[in-house]
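Reading through the structure tokens given below for one structure.
All values below come from the heavy atoms of this structure, side chains included, with hydrogens, waters and symmetry mates left out. It should be emphasised that the depicted structure is a prediction, and the values quoted were computed from it without experimental measurement.
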Amino acid sequence: MSNLDHSVQLSLTFDESRLVRLFRCLNSLDRSVFLHQLHLKLMKTHTVSPELERYANWKEHEVEEMSSDVNERLDSARPHQTEIANANDLTPCLSEMAWGCDFAEVLLGTEELQNNEFVESLSIAYLRAHHEAGAERCYDPNDDDQIGYLNEEAANYLCYWRENIVRGIEQSVARKANPSS
């Protein structure tokens with residue numbers, strides 16, 4: 001559903017290629033469970049915030065993140081570069097409004113499993129947050145084109161958030177592999 005292009009050409013090792021091929025053999029539910037479990041395993045030893053290095057005292061932020069619960073940690077990877085992110089000024093609980101208190105399942109699973117439902121829930125939460133804050137209506141809920149655009153923005157937001165989580169883990173792995181930098 002997202003317009004973001006993740007079809008990057010990578011040079012894979014034999015084992016990485018096997019992993020991709022085996023992943024493709026799983027059904028949608030098993031893929032989602034596998035990704036969710038893999039994220040949680042990596043989060044036991046790695047941070048997810050992709051912007052830790054921007055802090056002068058990033059090591060303190062790293063310790064603080066590692067002691068937080070999963071949802072708080074995932075929240076640190078929330079994207080700021082999409083229109084949906086602007087709703088965070090209206091309410092810090094947009095993800096909870098859309099998906100409930102435990103939104104890790106949404107972010108750590110696959111995009112193929114219930115993604116349309118997650119996107120629509122986020123769009124509705126965005127509209128509700130604007131309404132509850134008394135903000136000027138920016139989208140007409142009766143205009144299919146506008147709602148389609150908002151759903152596309154919500155899909156991009158969700159994709160960026162998932163990408164930030166992976167990027168944060170990759171950066172954490174790199175920091176641990178080269179602790180002197």
Side-chain angles (χ1 to χ4, degrees), residues 1-8 10 20 23-24 26-43 46-52 65 68-133 135 137-141 143-172:
M1 175 164 223
S2 170
N3 289 335
L4 300 178
D5 182 14
H6 290 283
S7 59
V8 178
L10 300 173
V20 169
F23 181 79
R24 289 177 177 164
L26 298 172
N27 66 37
S28 295
L29 178 59
D30 289 341
R31 286 180 186 183
S32 192
V33 169
F34 177 79
L35 276 180
H36 189 261
Q37 291 173 342
L38 183 58
H39 277 93
L40 292 177
K41 179 176 177 54
L42 288 166
M43 287 175 65
H46 299 287
T47 58
V48 298
S49 178
E51 300 179 1
L52 274 180
E65 180 188 320
S68 300
D69 73 22
V70 171
N71 283 329
E72 288 178 45
R73 295 181 63 202
L74 294 173
D75 195 58
S76 71
R78 183 183 300 272
H80 303 286
Q81 66 269 37
T82 67
E83 186 170 334
I84 293 288
N86 294 335
N88 292 336
D89 295 338
L90 299 173
T91 176
C93 304
L94 188 61
S95 47
E96 286 92 349
M97 288 173 70
W99 308 312
C101 293
D102 183 13
F103 51 89
E105 180 181 334
V106 175
L107 295 172
L108 302 182
T110 62
E111 72 173 352
E112 66 188 294
L113 192 64
Q114 296 178 317
N115 209 52
N116 288 342
E117 179 184 321
F118 296 148
V119 165
E120 289 172 8
S121 296
L122 185 58
S123 295
I124 290 167
Y126 179 82
L127 292 171
R128 196 169 81 210
H130 273 78
H131 175 73
E132 289 176 2
R137 180 183 283 181
C138 50
Y139 292 96
D140 181 355
D143 184 323
D144 289 342
D145 288 338
Q146 289 184 16
I147 296 305
Y149 174 77
L150 181 58
N151 284 341
E152 187 176 312
E153 283 295 308
N156 285 336
Y157 180 78
L158 188 53
C159 191
Y160 278 124
W161 201 344
R162 288 171 172 153
E163 178 60 28
N164 282 350
I165 292 166
V166 172
R167 194 163 32 91
I169 291 171
E170 288 174 328
Q171 291 171 359
S172 179

Practice item. Mark yes when over 12 heavy atoms from residues, nucleotides or ligands other than Asp69 sit less than 6.0 Å from its CG; otherwise mark no. Key: yes
Review point. Under 3.5 Å, side chain of Ser121 to main-chain N/O of Glu117, donor-acceptor pair present?
Key: yes
Practice item. Calculate, to the nearest 0.5 Å, the distance between atoms CG and CG belonging to Asn164 and Leu107 respectively. Key: 10.5 Å
Practice item. Provide the closest heavy-atom pair for Ala77 versus Trp161 in the form atom of the first, atom of the second, distance. Key: O-CD1, 3.3 Å
Review point. Which atoms form the tightest heavy-atom contact between Asp145 and Asp143, and what is the distance?
Key: N-OD1, 2.9 Å
Point to revise | Contacts of type side-chain contact (heavy atoms from CB on, under 4.5 Å), residue Leu38, not counting sequence neighbours | key: Phe34, Leu42
Review point. Taking atom NE2 of His46 and atom CD of Glu170, what is their separation to the nearest 0.5 Å?
Key: 11.0 Å
Exercise for review: Rounded to the nearest 0.5 Å, what's the gap from CG on Leu127 to CG on Leu122? Could you check?
Suggested key: 10.0 Å
Point to revise | Check: Gly168 main-chain N/O paired with Ser172 side-chain donor or acceptor under 3.5 Å | key: no
Check your understanding: Residues in salt bridge (charged side-chain N to carboxylate O under 4.0 Å, His left out) with Glu51, at least two apart?
Key -> Arg54
Point to revise | Residue list, side-chain hydrogen bond (donor to acceptor under 3.5 Å, both in side chains) with Ser76, at least two apart or on another chain | key: none
**Study point:** Gln171 to Pro50 - nearest heavy-atom pair and separation
**Key:** OE1-O, 2.7 Å
Study note, to complete from the structure: Between Val70 and Met43, the two heavy atoms sitting closest are CG1-CE, 4.0 Å
Study note, to complete from the structure: Contacts of Ser49 meeting side-chain hydrogen bond (donor to acceptor under 3.5 Å, both in side chains) (sequence neighbours excluded), chain-then-number -> none
Exercise for review: Rounded to the nearest 0.5 Å, what's the gap from CG on Leu158 to CD on Glu153? Could you check?
Suggested key: 12.5 Å
Point to revise | Full working for side chain to side chain contact (heavy atoms under 4.5 Å, CB included) between Val33 and Leu26 | key: CA-CA 10 Å; Val33 169; Leu26 298 172; over 6 Å; no
Revision key, fill the gap. Glu65 meets the side-chain hydrogen bond (donor to acceptor under 3.5 Å, both in side chains) criterion, sequence neighbours left out, with Arg73
Exercise for review: Could you tell me which non-hydrogen atom of Thr47 sits nearest to which non-hydrogen atom of Leu52, and how far apart they are?
Suggested key: OG1-CD1, 3.6 Å
Check your understanding: Going from CG on Leu35 to CG on Leu40, what distance comes out if it is rounded to the nearest 0.5 angstrom?
Key -> 11.0 Å
**Study point:** Closest non-hydrogen atom pair between Ala104 and His36, with its separation
**Key:** O-CD2, 3.8 Å
Check your understanding: Can you name the residues that form a side-chain hydrogen bond (donor to acceptor under 3.5 Å, both in side chains) with His39, not counting sequence neighbours?
Key -> none
